[in-house]
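In each ligand, atom 1 is the first atom listed, and ligand 1 is the first ligand listed.
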Amino acid sequence: MEKISVIVSCYNEEESLPLFYEEMERVRKQDFENIDFEYIFVDDGSKDKTLEEIKQLAKKDSKVRYISFSRNFGKEAAMYAGLESTKGDYVTLMDADLQDPPSLLRKMYDSIKNEGYDCIGTRRVTRKGEPPIRSFFARVFYKLINKMSDIEMVDGARDYRLMTRQMVDSIISMKEYNRYSKGIFSFVGFKTKWIEYENIERVAGETKWSFWKLFKYAIEGITAFSTFPLILSSVIGLVFCVISFLLILFIVIRTLIYGDPTSGWPSMVCIIFLVSGVQLFSLGIIGQYLSKTYLEVKNRPIYIIRETEKDMKK
Ligand code: UDP
Ligand code: MG
C-alpha cells in the first residue's frame with residue numbers, strides 16, 4: 001500500500017492542533033481509502049501545551065509520530081527534520097493553522113498520479129487578511145529576488161506541497177545551514193504544478209512572523225540564492241571611479257587655465273561622506289555573505305531533538 005507522510009511544523013499551536021488533526025482525519029477518511037498515512041508533528045520548541053497535545057494524539061493514534069526540538073529552531077529547521085524522518089512514498093508539508101487546506105490533498109495526489117508531475121505546489125492568489133504594507137513589501141521582494149536570482153521564486157507560493165520520494169530525497173541531500181526552502185524547492189527542479197487558492201486566515205492563535213522576522217527572512221533568501229548584491233557593489237565602485245577620473249581631469253584643466261583660487265571645501269566634505277557611505281554599504285553586503293559563510297563553515301546541526309514518539313513508548 002502507498003503511504004503519504006504529512007509533516008506539520010508547530011510552534012505554539014495548542015489551539016490549532018486539535019482542529020487541524022480533526023480536519024485532516026476527516027479528509028483522510030473521506031478521500032483516501034486505500035492509502036496509508038503517517039503524521040509527523042514537529043514541535044519547534046513550543047512554550048505552550050503543544051507538545052502535550054501532540055502526545056495525546058500520539059497515544060490514541062498510531063499513525064501519529066512526533067519530533068520535539070530542544071528549543072525553537074525555526075520553521076525551516078522543523079520542515080527539514082520532518083523530511084529527514086519520513087518514509088512515505090509521498091510527502092506533504094503543512095502548517096498547523098489550517099491555512100493549508102487538507103481538502104486540496106486529493107487533487108494534488110491525483111495530479112501526481114495521473115499527470116506525471118513530481119511535485120504539486122500551492123500558491124495563494126490573494127493576500128486577504130494581511131496588513132497591506134506587508135503585502136506591498138512581499139510583492140517588492142518577489143520582483144527583486146526574481147531579477148537577482150537565476151532560480152524562479154513564485155509570488156505567493158506557500159510551503160504547502162505534495163512531493164514524490166525522489167524529490168524529497170534530493171531536498172534532504174541539500175544540507176545547508178541557512179535554509180531558504182522556497183529557493184531549495186526550485187533549485188532541485190522536477191516537474192511542478194501550481195494549484196491556486198484564495199488566502200485563508202488561520203483558525204486559531206496568531207502568526208509567528210513579525211515584520212522584522214520577515215525582513216530578515218527576505219535577506220536570507222537573497223543571500224542564499226543570489227550573488228547579485230556583490231556585483232552591485234562592484235558596479236557602484238566602478239561608476240564612482242569613472243566619475244572621479246572625469247572630475248580630476250576637469251579640475252586639472254580648469255586649474256591650468258584659470259589658476260587655483262582656494263575654495264570648494266564644503267563640496268569636498270559632501271564627497272567624502274558620499275564615498276565613505278558607499279564603501280560602508282558595500283562592506284555591509286560583503287559582510288552579509290561572509291556571515292552566512294561563517295555559519296555554514298561552522299557546520300552546526302540544523303536542529304537538535306529533545307524527544308520523539310519512541311521516547312514515549314519506553
Ligand atoms: N512555525 C514553526 N516555527 C517557527 C514559526 C512558525 O514551526 O519558529 C510554524 C507554525 O506553527 C505554523 C507554520 O510554521 O504551523 C506557519 O507559521 P504562521 O502561521 O505563524 O505563519 P504565516 O502562515 O502567518 O505565514
Ligand atoms: Mg499561518
[atom] [closest protein heavy-atom partner, distance rounded to 0.1 Å]:
atom	result
atom 1 (N) of ligand 1	Tyr11 CB, 3.8 Å
atom 3 (N) of ligand 1	Asp44 OD2, 2.6 Å
atom 23 (O) of ligand 1	Gln99 OE1, 2.5 Å
atom 18 (P) of ligand 1	Arg202 NH2, 3.4 Å
atom 8 (O) of ligand 1	Asn72 ND2, 3.2 Å
atom 24 (O) of ligand 1	Thr207 OG1, 2.7 Å
atom 25 (O) of ligand 1	Trp209 CD1, 3.7 Å
atom 20 (O) of ligand 1	Lys208 N, 2.7 Å

Which of the atoms in ligand 1, numbered in the order shown and given with their element, are less than 4.0 Å from a heavy-atom of [X]?
X	result
Cys10	7 (O), 11 (O)
Asp97	19 (O), 23 (O)
Gly74	3 (N), 8 (O)

Does only the side chain of [X] get under 4.0 Å from ligand 1, or the backbone, or both, or neither? Count heavy atoms.
X	result
Asp95	both
Ser9	both
Glu13	side chain

Which heavy-atom pair separates Asp155 from Arg123 by the least distance, and what is that distance?
-> O-NE, 3.1 Å
What class does the angle between the rings of Tyr39 and Phe41 fall in, given that below 30° is parallel, 30 to 60° is tilted and above 60° is perpendicular?
-> tilted
Per the salt bridge (Lys or Arg N to Asp or Glu O under 4.0 Å) rule, which among Asp159, Asp97, Asp44 passes with Lys75?
-> Asp159
Identified side-chain hydrogen bond (donor to acceptor under 3.5 Å, both in side chains) partner of Ser5 from the options Lys87, Glu38, Arg65 | Glu38
Counting only heavy atoms not in [X] (residues, nucleotides, ligands), do more than 12 fall under 6.0 Å from its [atom1]?
X	atom1	result
Lys63	NZ	yes
Phe281	CZ	no
Lys175	NZ	yes
Ile257	CD1	yes

Return yes when at least one N/O/S atom of Asp97 is nearer than 2.8 Å to the Mg ion (ligand 2), and no when none is.
-> yes
Counting only N and O atoms by type, is there a donor-acceptor contact under 3.5 Å from the side chain of Ser149 to the main-chain atoms of Phe225?
-> yes
Under 3.5 Å, N or O to N or O, is Ala96 touching ligand 1 that way?
-> yes
Could you tell me the separation between the OH atom of Tyr117 and the CG atom of Leu162, rounded to the nearest 0.5 Å?
-> 14.0 Å
